Amino acid sequence: MIHEVFMPALSSTMTEGKIVSWQKAAGDQVEKGETVLVVESDKADMDVEAFYSGFLATILVPEGGVAGVGETIALIAETEAEIEFAKQQASSGKKAESAPSPAETSKPEPEPVAASAAATTTAQSASRRNGRIIVSPRARKLAKELKVDLSKLHGTGPHGRIVAEDVEAAAGKSAQTAPKQPAATPSAPPVFHQPQTQAKPAPAPQPVRAAATAGQTTPMNTLQNAVVRNMVASLQVPSFRVGYTITTDALDALYKQIKSKGVTMTALLAKAVAVTLQKHPLVNASYVESGIQYSSAINVAVAVAMADGGLITPVLKNADQIDIYSLSRTWKDLVERSRAKQLQPDEYNSGTFTLSNLGMFGVDRFDAILPPGQGSILAIGASRPQVVATDDGMMGVKRQMQVNITCDHRIIYGADAAAFLQDLATLIETNPQSLTM
């Protein structure tokens, strides 16, 4: 029996996937549930498992290749004797469709065969489950480069998963005697189809991607293509924008007090927005054909630019209920894993309200495009000292930032957006300490 391996749909918005690496070579034996390849979807890198045991007879789409969801990317033969027959099918351009080999007379299985996408971060027990190793795609790639035996490692990641740090630690002495290469860091984004890894970028704002040679046309990656589709869809929504000036002196003072405890400004802003949304459920709602869908949770998504192009929106779930210290730790973890393309779908597609902050680049103000499936997005500019008139008629200097909210006008009106911004400003200006309670 010859079985097809299809390009799986790893997210609701994915239309095609790029093959990062094949974990098995043509002719290798594979077991049901074993990772066969790693696929780059529109948001993350995911392991793809085999539905059948047998032999990877032929690979139809090589590493670096792109295939649409549902397209055949490889063939699996149940026996070694059928490998040549599978290759003939591939070369003739015929679909396998679980067809029997000439040696078989049994009726072919009517059920189509697909690859099962399963991120190994969902492993429920140690580094080995059902006899197979639980390892992140980046760690697997790194182990191959550094010639580390994964079967001898004990994972320190979530649920015992083997992560890049485990491989680097095991490489230890070997890495020191090897030819010098740029040092790899755990949070660096993966660099596909290159033997070396990149060092972790500096925290200071930098261009998110290198400029191409003048006159050059470069293809978009899967994440960039996903952004294109989402933005085109978003611009079909009737939207409007409302701006507001918020004084940040009190918030800045609070940030200086608790920054040493690991609190980030992004977490503070997300927390402030989430607390304010408690009073404005309509701004946290979304439009559906049957009416207005009010969200049962306040999940704040925050846009993060990717080094190789595109952006992703990690989600701080239940941001109104989590303390600022835990929220900051969660945010740090989400950013690291998003840049390594290790987020699970629920960690980037469950947002109910989005923040887009360009203040760290010195941007005064900007408008953000509404994400699909959400009712609002808040654009945040830089906080700057401004000369203002005080209540007593004197002149003074205060730090202020400009925010602009974009809303779906089918469900949210101008007064709704204005009331939300007014309450957000009141919280930030007069009672930021409440964000730490």
Side-chain angles (χ1 to χ4, degrees), residues 203 242-281 283-284 297-304 314-335 351-366 368 376-392 394 396-405 416-437:
V242 177
Y244 208 99
T245 301
I246 301 178
T247 299
T248 63
D249 289 336
L251 183 67
D252 292 336
L254 172 64
Y255 177 57
K256 289 180 181 179
Q257 292 175 8
I258 59 180
K259 180 180 179 180
S260 61
K261 298 180 181 179
V263 175
T264 67
M265 180 56 77
T266 296
L268 276 173
L269 292 171
K271 180 74 171 181
V273 165
V275 171
T276 307
L277 285 172
Q278 291 176 333
K279 302 178 182 179
H280 300 272
V283 183
N284 193 47
I298 297 177
N299 298 336
V300 180
V302 186
V304 173
V315 179
L316 290 166
K317 299 179 183 179
N318 301 307
D320 58 320
Q321 300 175 20
I322 301 175
D323 67 87
I324 191 62
Y325 306 102
S326 299
L327 201 66
S328 294
R329 289 192 295 270
T330 299
W331 176 243
K332 181 180 178 181
D333 173 65
L334 286 171
V335 171
T352 59
F353 185 100
T354 298
L355 294 184
S356 182
N357 184 6
L358 292 180
M360 69 287 291
F361 292 100
V363 174
D364 290 323
R365 69 190 72 188
F366 67 102
S376 306
I377 180 172
L378 186 67
I380 301 175
S383 176
R384 297 180 178 279
Q386 304 285 347
V387 177
V388 298
T390 60
D391 293 337
D392 56 6
M394 305 297 289
V397 176
K398 294 184 179 181
R399 295 189 65 87
Q400 296 182 327
M401 69 178 182
Q402 301 289 327
V403 297
N404 287 282
I405 190 170
D416 303 314
F420 166 77
L421 292 180
Q422 188 176 49
D423 284 346
L424 177 64
T426 299
L427 171 62
I428 291 175
E429 293 175 352
T430 65
N431 192 24
Q433 288 288 344
S434 64
L435 301 176
T436 64
M437 299 176 183

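Bear in mind that the values here come from a model prediction, so they are computed numbers and not experimental data.
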The side-chain contact (heavy atoms from CB on, under 4.5 Å) partner of L268 among V273, I428, I258 is I258
Would you say that D252 contacts M265 through its side chain, given a criterion of any heavy-atom pair below 4.5 Å between the two side chains? yes
Over all heavy atoms of both residues, which pair between T264 and S328 is shortest? Give the atoms and the distance, please. N-OG, 3.3 Å
After noting the C-alpha distance and the side-chain angles of F353 and F420, does the key distance pass the ring-ring contact (aromatic ring centres under 6.0 Å, His included) rule? CA-CA 13 Å; F353 185 100; F420 166 77; 5.7 Å; yes
Dump the intermediate steps for side chain to side chain contact (heavy atoms under 4.5 Å, CB included) on D364 and R384, then the final yes or no. CA-CA 8 Å; D364 290 323; R384 297 180 178 279; 2.5 Å; yes
Taking it one step at a time, do Q433 and L254 satisfy side chain to side chain contact (heavy atoms under 4.5 Å, CB included)? CA-CA 7 Å; Q433 288 288 344; L254 172 64; 3.6 Å; yes
Student check: side-chain heavy atoms of N299 and L316 closer than 4.5 Å: no
M401 and I380: which non-hydrogen atoms are nearest, and at how many Å? SD-CG2, 3.9 Å
If you define the side chain from C-beta out and look only at heavy atoms, does anything of I405 sit under 4.5 Å from V283? yes
Please find the pair of heavy atoms, one from H280 and one from T276, that lie closest to each other, and give the distance. CD2-O, 3.3 Å
If you take all heavy atoms of T248 and S383, which pair is closest and at what distance? OG1-OG, 2.6 Å
Check the pair T247 / D249 against side-chain hydrogen bond (donor to acceptor under 3.5 Å, both in side chains), numbers first and verdict last. CA-CA 6 Å; T247 299; D249 289 336; over 6 Å; no
Does any part of the side chain of F366, heavy atoms only, come nearer than 4.5 Å to the side chain of N404, both counted from C-beta? no
Taking all heavy atoms of P385 and all of R399, pick out the closest pair and write down the distance. CD-NH1, 3.5 Å
Answer yes when D423 and K279 have at least one side-chain N-carboxylate O distance shorter than 4.0 Å, and no when they do not. no
I want to check something: taking the side chain as every heavy atom from C-beta on, are L421 and L378 in contact at a cut-off of under 4.5 Å? yes
Check whether more than 12 heavy atoms from other residues, nucleotides or ligands sit under 6.0 Å from atom CZ of R365, and answer yes or no. no
The single option from L269, L427, I324, L327 passing side-chain contact (heavy atoms from CB on, under 4.5 Å) against L435: L427
To the closest 0.5 Å, what do you measure between CD (Q422) and CG (L424)? 11.0 Å
For I322 and T330, run side chain to side chain contact (heavy atoms under 4.5 Å, CB included): C-alpha distance rounded to whole Å, both residues' side-chain angles, the deciding distance at 0.1 Å, then the answer. CA-CA 10 Å; I322 301 175; T330 299; 5.6 Å; no
Working for side chain to side chain contact (heavy atoms under 4.5 Å, CB included), residues S434 and V275: CA-CA 10 Å; S434 64; V275 171; 5.9 Å; no
Do Y255 and L251 touch side chain to side chain, with heavy atoms closer than 4.5 Å? no
